[in-house]
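This report concerns only the one structure given below.
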Amino acid sequence: MRGYVSKLHHPAIRAVIKRVHLIGGLLLAAFSCWLFQTLPVQAEAVTSPKSCQIGVYLTSLRDFNPAEKSFSANFWVWSLCPFESPKPLESLKVINSKEVSTNYNSFSRTENLSDTFKANKYVFLSQQEIKATFYHNWDTKNYPFDRHRLEIPLEETKLDASSFVHIPDFASSDYQKDMDLEGWEMKNFRIFQVNFPYKTRFGSPGIKREPSYRSRLVVSITINRKSKVSFFKLSIGVYAAVALSILALLLDEEFSGRMGIFAGTLFAVLVNMQTATSDLGSSNSVTLIDFIHIIAIIYIFITSILVVYAQFISESEKEQSSRYLMRRIAVPILSGSFIVLNIVVIAHAAIVG
C-alpha cells in the first residue's frame with residue numbers, strides 16, 4: 001500500500017493527473033455553454049397563442065337562389081375570452097359573402113361561473129347579430145334529389161394563427177329548430193375550426209415568403225330538397241309534348257298536319273328547357289332535367305322520321321302497312337322505352353343525390 005501511494009507522488013504521474021483534470025474542466029465548461037444557449041430556444045418553442053371560445057346560433061336560412069349562386073342567413077355569434085383585449089368579434093370577417101350587416105353588438109365583463117378558463121375569476125363576453133348573403137355554387141346536376149353543404153366561414157383578420165386561434169363552443173352552438181327552409185330540410189349542423197393558409201406576406205418587408213395562417217371558424221349545414229313540386233312544374237310540359245307527338249302517329253291526318261304537331265311540340269320542349277336552365281342556374285354538366293329534355297327532343301325527332309317514312313309507304317299504295325307500323329309497332333315501342341328510360345335516369349339521380 002505504501003508503495004502504491006509513493007507512486008502517486010511521482011512527478012510524471014502527478015503531471016498526467018493534472019492534465020486529466022484540466023481536460024475534464026474544459027469539457028464541463030463547453031457543455032455548460034451549449035446548455036445555456038439551447039434552453040432559451042426551447043422556451044420560445046412552447047409559447048402558445050391566445051384563444052377565445054367562439055359560438056354561433058343560426059336563426060334563419062333562406063333565399064336559396066341557384067341562378068344567382070347565393071343563399072342568405074341570420075345568426076348570432078359570441079366570444080368568451082379570459083382577457084379584455086384583443087376583442088375577436090371586432091376583427092372577425094364574414095368570408096365568401098356578398099352582403100353583410102350587423103344589427104346588434106354588446107361587450108361586458110362577467111363573473112366566470114363556467115368550466116371555461118377556470119383560472120380566471122372574470123371573463124369578457126361579446127355578442128353580435130349578423131345578417132349576410134353568401135356565395136354558393138349550387139350543384140343541381142341531380143335536381144330535384146340534390147343535396148348541398150352550405151358553409152358560413154368566419155375568420156380572424158388582424159392576428160395570425162401563431163398569435164390567436166378560435167375555440168369552437170360546441171355545447172352552445174346550434175340552430176333554431178322551427179326555421180322555414182322553403183321546401184328544404186336540414187340534415188346536419190356542425191361547427192369546427194381550421195387554420196387557413198395564405199401564401200403571401202401581405203406586403204410586409206423582411207419576412208420570408210412562407211405560408212401564413214389565420215384562424216377560421218366554419219359553420220357547416222347540410223340540406224336536402226324536400227319538395228318536388230318545382231320538378232313537376234318543369235317536367236310536365238316535356239312529358240305532355242312527347243305524349244302528343246307519339247299520339248300523333250295514330251292520327252289519319254295529312255303529312256303537313258302531323259309535321260305541324262311535331263314542330264309545335266319541339267318548340268315547346270326547347271322553350272321549357274331554357275326556362276329550367278334559368279331557374280336552376282347554368283351548369284357545366286348535363287343535369288337530370290337537361291337529360292329529360294334531351295331525351296324528349298330525340299323522341300320527337302324519331303316520331304317525325306317515322307311520319308316521313310310512313311308517307312313514303314302510303315305513296316307506294318301500302319297504306320295498310322303504314323298504319324300497322326305506326327299503331328302496332330312504333331307507338332308501343334316509343335311509349336314503353338320512353339317511360340323505362342325516364343324511370344332509370346330518375347332512380348339513378350335519387351340514389352346518387
Side-chain angles (χ1 to χ4, degrees), residues 42-62 71-97 100-134 149-181 185-196 212-223:
Q42 293 177 343
E44 292 178 2
V46 298
T47 303
S48 59
K50 289 185 175 181
S51 61
C52 292
Q53 192 176 61
I54 310 292
V56 174
Y57 186 79
L58 186 65
T59 58
S60 175
L61 199 61
R62 66 192 186 283
F71 72 93
S72 298
N74 285 29
F75 56 94
W76 284 89
V77 59
W78 62 86
S79 67
L80 191 65
C81 302
F83 43 77
E84 184 174 1
S85 181
K87 300 179 178 68
L89 295 193
E90 291 183 353
S91 55
L92 196 68
K93 181 180 180 181
V94 182
I95 304 297
N96 202 32
S97 60
V100 179
S101 62
T102 303
N103 300 323
Y104 175 82
N105 288 282
S106 70
F107 176 78
S108 61
R109 190 186 78 162
T110 181
E111 187 177 355
N112 189 9
L113 302 177
S114 67
D115 294 332
T116 307
F117 309 116
K118 293 182 179 180
N120 294 74
K121 182 179 180 181
Y122 295 98
V123 289
F124 298 88
L125 175 65
S126 298
Q127 296 175 331
Q128 194 173 75
E129 185 182 14
I130 297 176
K131 176 183 178 181
T133 300
F134 296 88
R149 190 179 74 174
L150 310 179
E151 289 191 349
I152 300 175
L154 308 171
E155 185 175 282
E156 166 64 31
T157 57
K158 290 184 179 179
L159 302 174
D160 60 25
S162 64
S163 302
F164 179 85
V165 293
H166 302 103
I167 300 176
D169 187 352
F170 298 108
S172 300
S173 297
D174 206 346
Y175 66 95
Q176 193 164 318
K177 306 300 181 182
D178 59 349
M179 281 192 298
D180 182 10
L181 296 182
E185 59 181 349
M186 190 178 297
K187 286 296 184 179
N188 186 31
F189 174 93
R190 68 189 188 103
I191 182 171
F192 59 94
Q193 184 272 344
V194 295
N195 289 335
F196 191 83
S212 61
Y213 295 86
R214 298 293 174 91
S215 180
R216 179 176 292 190
L217 192 79
V218 181
V219 179
S220 174
I221 311 108
T222 302
I223 59 173

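Throughout, residue positions are numbered sequentially from 1 according to the sequence presented. From a predicted model like this one, the values you see are computed outputs, not experimental measurements.
- Residues satisfying the side chain to side chain donor-acceptor pair (under 3.5 Å) criterion with Ser163, sequence neighbours excluded, are Asp160.
- Here salt bridge (Lys or Arg N to Asp or Glu O under 4.0 Å) pairs that include residues 162-179, with residues two or more places apart or in two chains, are Asp174-Lys177.
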Arg149 vs Glu151, salt bridge (Lys or Arg N to Asp or Glu O under 4.0 Å): CA-CA, chis, key distance, verdict: CA-CA 7 Å; Arg149 190 179 74 174; Glu151 289 191 349; 3.1 Å; yes
Worked check of side-chain contact (heavy atoms from CB on, under 4.5 Å) between Arg214 and Ile95: CA-CA 12 Å; Arg214 298 293 174 91; Ile95 304 297; over 6 Å; no
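- In this structure, the separation between OG on Ser85 and CD on Glu90 is 8.0 Å, given to the nearest 0.5 Å.
- Phe189 and Tyr175 have tilted rings, their planes meeting at an angle from 30° to 60° on a 0 to 90° scale.
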Using a 3.5 Å cut-off and no angle test, enumerate the donor-acceptor pairs between side-chain atoms of residues 116-123 and protein atoms at least two apart in sequence or in another chain.
{"unit_1": "Asn120", "atom_1": "ND2", "unit_2": "Pro82", "atom_2": "O", "d": "3.3"}

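- The distance from atom NZ of Lys87 to atom CZ of Phe107, rounded to the nearest 0.5 Å, is 4.5 Å.
- Note that CG of Leu154 is 12.0 Å distant from NZ of Lys93, once rounded to the nearest 0.5 Å.
- With rounding to the nearest 0.5 angstrom, the CH2 atom of Trp76 is 9.5 Å from the CD atom of Gln128.
- Residues Glu84 and Arg109 are not in side-chain contact: their nearest non-hydrogen atoms beyond the backbone lie 4.5 Å or more apart.
- Between the side chains of Gln176 and Thr59, no donor N or O sits under 3.5 Å from an acceptor N or O.
- Phe83 has its side chain within reach of Cys52: a pair of non-hydrogen atoms, C-beta onward, lies under 4.5 Å apart.
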Stepwise ring-ring contact (aromatic ring centres under 6.0 Å, His included) test for Tyr57 and Trp78: CA-CA 9 Å; Tyr57 186 79; Trp78 62 86; 7.5 Å; no
